[in-house]
Amino acid sequence: MSTPMVTAENVHKSFGHVEVLKGIDLEVRTGQVFCLLGPSGSGKSTFLRCINHLERIDAGRLSVDGQLVGYRERAGKLYERNENEVADQRRDIGMVFQRFNLFAHMTALQNVMLAPMDVRRLPKAEVKEHAMRLLERVGLADQAQKYPSQLSGGQQQRVAIARALAMKPKLMLFDEPTSALDPELVGEVLDVMRDLADSGMTMIVVTHEIAFAREVGDHLVFMDSGVVVEQGAPRDVLTNPQHRRTQTFLSKVL
């Protein structure tokens with residue numbers, strides 16, 4: 001068996017006296033589209049941010065591609081990695097946020113080119129060629145010279161996806177990528193995500209897009225109050241949920 005892309009073992013996370021993650025155990029296989037579903041405040045986004053060490057876990061173990069995230073182990077104890085080591089780990093993990101977080105003073109092309117040039121120190125001509133291919137892939141090659149303010153929300157989110165892909169990640173994290181979009185713009189972003197799934201990209205998607213989870217997802221996890229309530233094949237969980245909390249939630253969103 002190949003090493004899972006993500007392994008979470010008894011992961012805990014608190015903010016002050018509020019325990020947000022209460023012992024998460026999950027495994028994401030390479031090439032899998034892994035969907036996280038649940039009400040606001042259930043810990044989904046926090047868990048996603050722990051995967052690339054934007055949030056430090058308080059207990060447990062979290063690994064990406066067999067390597068502990070944010071920590072190294074010596075003599076049975078965990079020690080936090082320094083900032084440079086954490087930054088190196090993040091290079092292989094792309095993340096797309098609810099808000100697009102594009103640099104307003106840069107064109108779409110410049111936004112996509114920035115990280116490979118600054119972080120990987122790749123030649124400008126090589127980076128530009130790759131960035132244009134990515135913009136073409138997300139359907140925005142003709143918008144390359146426009147600034148974020150000149151683009152629709154859906155276009156900005158597609159630029160954000162291209163920007164994340166520019167670092168050639170092994171794992172993509174999506175934190176409710178369509179929640180800030182007008183309804184008519186959601187489809188164009190989901191189409192790009194479907195294309196990524198078809199290409200074999202490992203993806204963890206926090207979403208309320210039930211149809212996407214059903215059609216594209218390989219595995220669905222329902223979280224509530226910081227714990228995994230139910231998980232399984234998306235169609236099974238969505239059509240025949242076993243836990244009462246899952247049933248109640250789905251009755252309100254389907």
Side-chain angles (χ1 to χ4, degrees), residues 4-6 8 21 24 26-55 62 64-65 69 89-102 111-112 115 134-135 137-140 152-183 185-223 228 231 234 237-238 253:
M5 181 58 72
V6 178
L21 300 178
I24 301 297
L26 290 173
E27 185 175 285
V28 182
R29 299 192 307 272
T30 299
Q32 195 171 42
V33 179
F34 197 93
C35 296
L36 296 177
L37 192 67
S40 297
S42 60
K44 309 181 302 298
S45 295
T46 297
F47 177 66
L48 209 66
R49 291 172 65 85
C50 288
I51 293 174
N52 61 3
H53 207 57
L54 288 175
E55 299 289 354
L62 190 54
V64 172
D65 202 17
V69 173
Q89 288 188 312
R90 288 194 185 122
R91 294 179 186 184
D92 294 325
I93 305 172
M95 188 160 185
V96 179
F97 299 88
Q98 297 178 33
R99 296 290 174 178
F100 325 121
N101 296 332
L102 299 177
N111 268 281
V112 177
L134 289 173
L135 287 173
R137 181 176 184 178
V138 300
L140 292 174
S152 71
Q155 289 172 326
Q156 290 183 63
Q157 191 63 295
R158 284 187 281 156
V159 172
I161 293 173
R163 179 181 58 183
L165 292 173
M167 291 293 284
K168 301 180 180 178
K170 64 178 70 171
L171 170 67
M172 284 284 287
L173 310 177
F174 293 87
D175 187 8
E176 298 191 40
T178 61
S179 65
L181 301 178
D182 292 333
L185 302 178
V186 169
E188 62 191 53
V189 174
L190 294 181
D191 285 344
V192 172
M193 294 171 64
R194 286 188 181 92
D195 177 68
L196 284 178
D198 290 343
S199 73
M201 174 64 74
T202 308
M203 301 162 59
I204 303 178
V205 185
V206 173
T207 185
H208 291 297
E209 299 293 339
I210 302 297
F212 176 86
R214 181 189 294 111
E215 297 165 14
V216 183
D218 298 304
H219 193 82
L220 186 145
V221 170
F222 176 73
M223 291 179 61
V228 173
Q231 60 179 308
V237 175
L238 293 172
V253 299

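As the structure is a computational prediction, the values presented were derived from the model and not from experiment. Side-chain atoms are counted along with the backbone in the values below, which use heavy atoms only and exclude waters and symmetry mates.
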Would you say that [X] contacts [Y] through its side chain, given a criterion of any heavy-atom pair below 4.5 Å between the two side chains?
| X | Y | value |
| --- | --- | --- |
| Leu134 | Arg163 | no |
| Leu54 | Met95 | yes |
| Leu238 | Ile210 | yes |
| Phe34 | Leu26 | yes |
| Gln98 | Ser179 | yes |
| Val6 | Glu27 | no |
| Leu173 | Ile51 | yes |
| Gln157 | Glu188 | no |

Taking the side chain from [X] and the backbone from [Y], do they hold a donor-acceptor pair closer than 3.5 Å?
| X | Y | answer |
| --- | --- | --- |
| Gln155 | Ser152 | yes |
| Lys44 | Gly38 | yes |
| Arg214 | Pro234 | no |

- Message: Check this for me: Arg99, atom CZ, are more than 12 non-hydrogen atoms of other residues, nucleotides or ligands nearer than 6.0 Å?
- Response: no
State which residues pass side chain to side chain contact (heavy atoms under 4.5 Å, CB included) with [X]; sequence neighbours excluded, sorted by chain then number.
| X | value |
| --- | --- |
| Asp218 | Gln32, Val33 |
| Asp195 | Arg137 |
| Arg91 | Asp88, Val119, Arg120, Met167 |

- Task: Rounded to the nearest 0.5 Å, what's the gap from CD1 on Ile161 to CE on Met172? Could you check?
- Result: 6.5 Å
- Query: Can you tell me how far CD of Gln231 sits from SG of Cys35, rounded to the nearest 0.5 angstrom?
  - Reply: 12.5 Å
- Between Glu209 and Thr178, do the side chains contain an N or O donor and an N or O acceptor separated by less than 3.5 Å? yes
- Message: Could you tell me if His53 and Gln89 have a donor-acceptor pair between their side chains, going purely by distance under 3.5 Å?
- Response: no
- The residue among Ile93, Val221, Val28 that forms side chain to side chain contact (heavy atoms under 4.5 Å, CB included) with Ile204 is Val28
- Task: Give me the one residue out of Val96, Leu165, Val138, Leu140 that meets side chain to side chain contact (heavy atoms under 4.5 Å, CB included) with Val192.
- Result: Val138
